[in-house]
Amino acid sequence: MIRFFLIQNRAGKTRLAKWYMPFDDEEKQKLIEEVHALVSIRGNKHTNFVEFRTFKIVYRRYAGLFFCLCVDINDNNLAYLEAIHNFVEVLNAHFTNVCELDLLFNFYKVYALVDEMFLAGEIEETSPPKSLPGVHPDDCQTSPFPNPSNPDDIAH
């Protein structure tokens with residue numbers, strides 16, 4: 001079972017945090033800092049799995065972002081590594097060459113995609129093509145910020 005899902009950049013800024021277990025705010029911040037400290041120092045020669053407290057972190061680095069899943073110690077490492085890869089494929093297809101700014105400015109769409117692929121701490125969908133039809137840009141909640149390229153969003 002997935003305990004939490006984090007996307008962080010190399011500087012430690014969290015770009016997405018999805019929690020499937022109840023943690024108080026102080027504990028969440030501590031977990032975020034500890035996970036970043038743990039995965040950011042690991043080199044390419046290390047595996048993408050590391051024990052963390054009573055759990056296990058399965059992570060993958062894409063460009064400057066770390067995609068980290070905290071899972072039960074006995075869960076299948078490769079299944080979660082593949083789930084991370086599938087999620088990144090879905091992001092690439094949805095945003096056309098996704099970058100950190102896409103995650104930052106379209107966080108509501110990214111959360112909708114996470115909810116499409118992971119449900120209640122379990123992998124819901126393993127096929128990227130099947131994950132995309134469930135989330136259309138129109139289905140995602142609208143952004144609270146005006147879009148300067150859309151004349152309808154600009155107040156006159």
Side-chain angles (χ1 to χ4, degrees), residues 1-135 137 139-141 143:
M1 179 174 171
I2 301 171
R3 302 305 176 168
F4 56 85
F5 180 34
L6 298 175
I7 300 176
Q8 298 175 308
N9 66 12
R10 282 183 279 191
K13 298 284 186 186
T14 302
R15 299 305 181 199
L16 176 134
K18 183 73 174 184
W19 305 93
Y20 297 104
M21 272 183 72
F23 295 105
D24 60 28
D25 290 339
E26 287 180 21
E27 183 69 12
K28 286 180 182 179
Q29 187 59 39
K30 190 174 180 182
L31 287 168
I32 287 170
E33 291 169 5
E34 288 179 15
V35 168
H36 181 262
L38 191 63
V39 300
S40 64
I41 61 169
R42 293 174 62 88
N44 293 340
K45 294 181 181 180
H46 292 95
T47 64
N48 290 33
F49 325 113
V50 60
E51 288 187 15
F52 175 71
R53 296 184 180 186
T54 59
F55 304 111
K56 178 173 37 180
I57 301 294
V58 179
Y59 71 96
R60 187 113 187 231
R61 181 177 170 189
Y62 289 93
L65 294 173
F66 293 97
F67 292 76
C68 305
L69 287 172
C70 179
V71 300
D72 291 334
I73 199 81
N74 295 324
D75 285 352
N76 185 339
N77 298 338
L78 296 178
Y80 287 111
L81 199 59
E82 185 65 23
I84 292 172
H85 182 72
N86 287 341
F87 180 68
V88 171
E89 283 183 5
V90 168
L91 288 175
N92 268 333
H94 193 75
F95 292 111
T96 314
N97 285 337
V98 67
C99 67
E100 186 175 348
L101 290 176
D102 291 325
L103 302 181
L104 194 61
F105 293 118
N106 297 296
F107 64 91
Y108 48 93
K109 292 179 185 178
V110 177
Y111 274 102
L113 290 169
V114 168
D115 291 340
E116 189 72 21
M117 293 194 71
F118 305 105
L119 177 66
E122 297 292 341
I123 299 172
E124 181 180 10
E125 187 56 62
T126 58
S127 174
K130 289 184 179 178
S131 299
L132 282 176
V135 178
D139 294 341
C140 297
Q141 67 186 24
S143 172

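The structure places CZ of Phe5 at 4.5 Å from CZ of Phe87, a figure rounded to the nearest 0.5 Å. The line from CD of Glu34 to CD1 of Ile57 is 9.5 Å long, rounded to the nearest 0.5 Å. Note: Gln8 CD to Arg61 CZ = 12.5 Å, rounded to the nearest 0.5 Å. The CG atom of Leu103 sits 6.0 Å away from atom CG of Leu65, with the distance rounded to the nearest 0.5 Å. In this structure, CG in Asn92 is found 9.0 Å from OH in Tyr62, a value given to the nearest 0.5 Å. We find the NZ-CD distance between Lys28 and Glu33 to be 14.5 Å, quoted to the nearest 0.5 Å.
When atom types are taken as modelled, the side chain of Asn9 and the backbone of Ala11 share a donor-acceptor pair closer than 3.5 angstrom. Asn48 places no side-chain N or O within 3.5 Å of a backbone atom of Val58 that could act as its donor or acceptor partner.
The side-chain heavy atoms of Phe55 and Leu31, taken from C-beta on, include no pair separated by under 4.5 Å. Between Leu69 and Val71 the shortest side-chain heavy-atom distance falls below 4.5 Å. Between Leu81 and Phe49, the closest side-chain pair of non-hydrogen atoms falls below 4.5 Å. Side-chain contact between Ile84 and Phe66 is absent, with no heavy-atom pair separated by less than 4.5 Å. Taking the side chain as every heavy atom from C-beta outward, Glu124 and Phe118 never approach each other to under 4.5 Å.
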Less than 3.5 Å apart, which donor and acceptor atoms pair up between the side chains of residues 37-44 and the rest of the protein, not counting sequence neighbours?
from, atom 1, to, atom 2, distance (Å)
Ser40, OG, His36, O, 2.7
Arg42, NE, Tyr59, OH, 3.0
Arg42, NH2, Thr47, O, 2.9
Arg42, NH2, Thr47, OG1, 3.4

Ignoring hydrogens and angles, write down the donor-acceptor pairs under 3.5 Å from the side chains of residues 12-21, residues two or more places apart or on other chains.
from, atom 1, to, atom 2, distance (Å)
Arg15, NE, Glu100, OE2, 2.7
Arg15, NH2, Glu100, OE2, 3.0
Lys18, NZ, Asp115, OD1, 2.9

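In Asp24, the CG atom is crowded: over 12 heavy atoms of neighbouring residues, nucleotides or ligands sit closer than 6.0 Å. Within 6.0 Å of CD in Glu26 there are 12 or fewer heavy atoms belonging to other residues, nucleotides or ligands.
Minimum interatomic distance between Ile73 and Glu51 (heavy atoms only, all atoms of both residues): CD1-CG, 3.7 Å. The shortest heavy-atom contact between Phe105 and Tyr108 is O-CE2, 3.8 Å. Taking each heavy atom of Val98 and Leu91 in turn, the nearest pair found is CB-O, 3.9 Å.
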So Asn74 and Lys56, side chain to side chain contact (heavy atoms under 4.5 Å, CB included) or not? Walk me through it.
CA-CA 8 Å; Asn74 295 324; Lys56 178 173 37 180; over 6 Å; no
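Partners of Asp75 by side chain to side chain donor-acceptor pair (under 3.5 Å), not counting sequence neighbours, listed by chain and number: Tyr80.
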